[in-house]
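Report on one structure; see the data block that follows.
Keep in mind that the numbers below use all heavy atoms, side chains included, and drop hydrogens, waters and symmetry copies. Order of the sequence lines fixes the chain letters, A, B, ..., with proteins taken first and strands second; residue numbering starts at 1 for each chain. Remember, predicted model here, so these are calculated numbers, not experimental data.
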Amino acid sequence: MSPAVTTPTAGSASEAGLAAVRRPRSIRVLWLVLLVAVLAAILLLSIAFGSRVVSVQDVIAGLSGSVDGFDHAAVAKRIPRTILAALAGGALALSGTVTQGVTRNPIADPGILGVNMGASLAVVVGIAYFGIASATAYIWVAIVGGCVTAAGVYLVASIGREGATPLKLALAGAASAAALASFISAVVLPRNDIADGVRSWQIGGVGGASYASIREVLPFLVAGLLICLVCARGLNMLALGDELAAGLGQRVVLTRAVASFGAVVLCAAATAVCGPIAFVGLVVPHVCRLLVGPDHRWLMPFAAVTGAALLTAADVLGRVVARPDEIQVGIITALLGAPFFIAIVRRAKVREL
Amino acid sequence: MTRTRADAAPQGEVAPSSVRSPVPGTRRAHPDTVATVVATRTSGDRRRRVVLGALCLAVVVLLGVTLMVGHTFYSPSEVLGVILGQDVGGASFTVGRLRLPRAGMALVTGLAFGMGGVTFQTMLRNPLASPDIIGISSGASAAAMVAIVVLGLSGPSLSLFAILAGLGVALAVYLLAYRGGVAGTRLILVGIGIAAMLDSVISYLLDKAPDWDLQEAMRWLTGSLNGASWDQVLPVLVALLLLGPVLLGQAKNLDMLQLGDQAAGALGVRVERTRLVAICAAVVLIAFATAAAGPIAFVAFLSGPIAARLVGPGRSLLVPAALVGALLVLAGDLAGQWLFGTRFPVGVVTGAAGAPYLIYLIARTNRTGGAL
């Protein structure tokens, strides 16, 4: 322990411990401002870079609505995908934060838990058998699929005495994701007519963004965001353990259910427009916890901003690395996120099964 | 106290004069105890023989069905004629050129996946530590795709590339999970992470190869036997013939490793050597099979636990698991081809059918601990 333990007043030690966890408000605000600035810079980069690099003047002209010439048109084309990347990134990161808070599990992530795949399968089934075609219908179907998968995976993982340990959650999620991927293939294979449209449900990307799809998904994202923010205090209590939270007057089951619902809505809505994108929800909360500490009221806005920045940056990277082609953002996040996942697993004191 | 008595009991039976039985009447119980042990062992042996016989029979029957059933049905005598090299009108091409390689491929890849999978599960003392969950199959598959799409390799060099990648992934998972000893849990989680990364590489390469039809691409995602030829079957068969005996030779040592490294060492097992030989042999088997047919989903994972349920505890699972693997691939391929309106590759069937079983296993292992 630290030398503070040997000092006569035990109070000062615990205060020192608290101070180490709880960052001062000014530092948090500073970090937030910094992150927003980084996000803004990345958004501009996303508009400027691609298979064609445009100058600053062209970016400004394009942003103000001009579509004269190739460069302006390129800028106009990149704006919706940039917005979508930022929105989806923020939603997935927030969803991951809440999932980790609800399950009190460091490796919980909607992608690892198979929620994205469940949403994808629901949409694919909807397209193939029920002929759904509107963006709103996609989102509703994706939310239903995501909710069912989340509940199923959590249920399987929590069978047994120890409840849902990290290993059991990850395994149940990986197994479900594999099974769902098989089902997606089984639905898609016989239908060559829809195979191309459906391929985007197997690999996540923001290339097909349009203002229309953003407009459709926005209400769902806002609703999910509000639900999650309302639960922030409740999640802080849950972090103390179920008994203590209940003793403090928190309705544990209700908080869990509402927060999970918010997380699934966010993640399913993002999946409905972008396809399955994994690991954003895993990485961002951990990074943000290092910056602001474990208080969910601060963690959530931080995660949203950082997630937006991360996904947009990953999209830019995917466009620049394979120029003039592009790598879908879902692949980039998996390549960047998996090593991070391994690092967390190495750090965490995982128990034997 | 009671424990000591029970331990001393058989000894007393062998040399009654040297050990004085502490409890009167214990000696009279000995014949019963011994009889029970002997009876259990014999019935276990009999069960194992019966199960092995039944598995072999089932494999042969399914092979026969695979050869007979198709767009045109050929009678067993016609099929037998083709196998014996006679010229049977019509059947010679359909059975000899199309169905026979396919059935052969199903057989050898199933055997390889089953044996490789159960080796990992036995060695790491965890049914969930199978090559398809900890990323080794994904590694071999991704490497095979890189070799085909980017490097334009084929044949033996393709297999070699897949094997090197499989070994590399196995080494990477082991090293990344190593922190003053390898905890099984950490190894599995690290493996899941690596597998996710490799799967995204596969997705990317699939996306970059648009002129492939979806069926061909599915081979590298879930595994498929479509377009099987003897050129593909042969390397897997050679690998099986060379490495199968090597693994079988290590069977006893592998079983002892289940007692824990120290106990196994005390019993005379050269732990590190056994482990190295077993890992290399199993990875090479898996990689050869993957290079031929793709990572047929969940076969390596399912074979071991199913074989363990069939055979009962305390016996080497290598051969039964290999047979179960062959059975799974043959049955999955038959079902995928003829059971549904359209033809599905075998991996889709085993993936969809195997995942519920995996979930059931996760639920079960929670209660029973990590036993196979």
Side-chain angles (χ1 to χ4, degrees), chain A residues 107 111-112 152-153 156-162 165-168 170-183 185-186 188-192 195 199 202-203 278-279 322 325 327-328 330-348 350-353, chain B residues 126 128 132-133 173 176-179 183-186 188-190 192-201 203-204 206-208 213-215 218 221-222 297-298 301 336 340-345 347-367 369-370:
Chain A
I107 58 169
I112 293 172
V153 167
V156 168
S158 53
I159 300 173
R161 229 176 313 124
E162 311 147 304
T165 60
L167 177 69
K168 276 156 42 181
L171 278 172
S176 311
L180 293 169
S182 269
F183 285 125
S185 309
V188 175
L189 275 178
R191 303 281 304 261
N192 272 327
R199 187 177 271 198
Q202 291 173 316
I203 311 170
F279 287 109
D325 218 347
I327 304 177
Q328 279 95 334
I331 290 166
I332 300 276
T333 56
L335 288 178
L336 296 178
F340 194 89
F341 174 84
I342 292 168
I344 296 171
V345 170
R346 277 175 61 83
R347 257 172 51 129
V350 275
R351 271 177 298 163
E352 278 291 339
L353 189 71
Chain B
N126 195 328
L128 301 163
D132 37 11
I133 291 184
V173 170
L176 283 171
Y178 193 90
R179 267 187 83 205
T185 316
R186 203 183 300 127
I188 296 168
L189 285 174
V190 167
I192 289 179
I194 298 247
M197 205 153 79
L198 291 166
D199 284 343
S200 80
V201 172
S203 305
Y204 172 68
L206 278 183
D207 204 48
K208 290 302 112 179
D213 66 340
L214 213 54
Q215 290 274 356
M218 288 309 294
L221 272 184
T222 62
F298 286 148
F301 169 76
F340 311 100
T342 43
R343 295 186 177 198
F344 290 118
V348 170
V349 178
T350 54
Y357 190 72
L358 168 56
I359 287 171
Y360 159 77
L361 259 187
I362 293 170
R364 246 189 70 93
T365 23
N366 290 343
R367 267 174 271 140

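To the nearest 0.5 Å, the span separating CE on M197(B) from CG on L336(A) amounts to 10.0 Å.
Highest contact tally toward chain A, considering only G347(B), G336(B), A352(B), A195(B), is held by A352(B) [criterion: heavy-atom pairs under 4.5 Å].
With a threshold of 4.5 angstrom between heavy atoms, F298(B) approaches chain A through side-chain atoms but not through N, CA, C or O. If you measure heavy-atom distances from F340(A) to chain B, you find no contacts under 4.5 Å at all.
Among all heavy-atom pairs drawn from A196(B) and A334(A), the shortest one is O-CB, 4.5 Å.
Screening I192(B), I194(B), L189(B), V173(B) for a side-chain contact (heavy atoms from CB on, under 4.5 Å) with I342(A), the sole residue that qualifies is I194(B).
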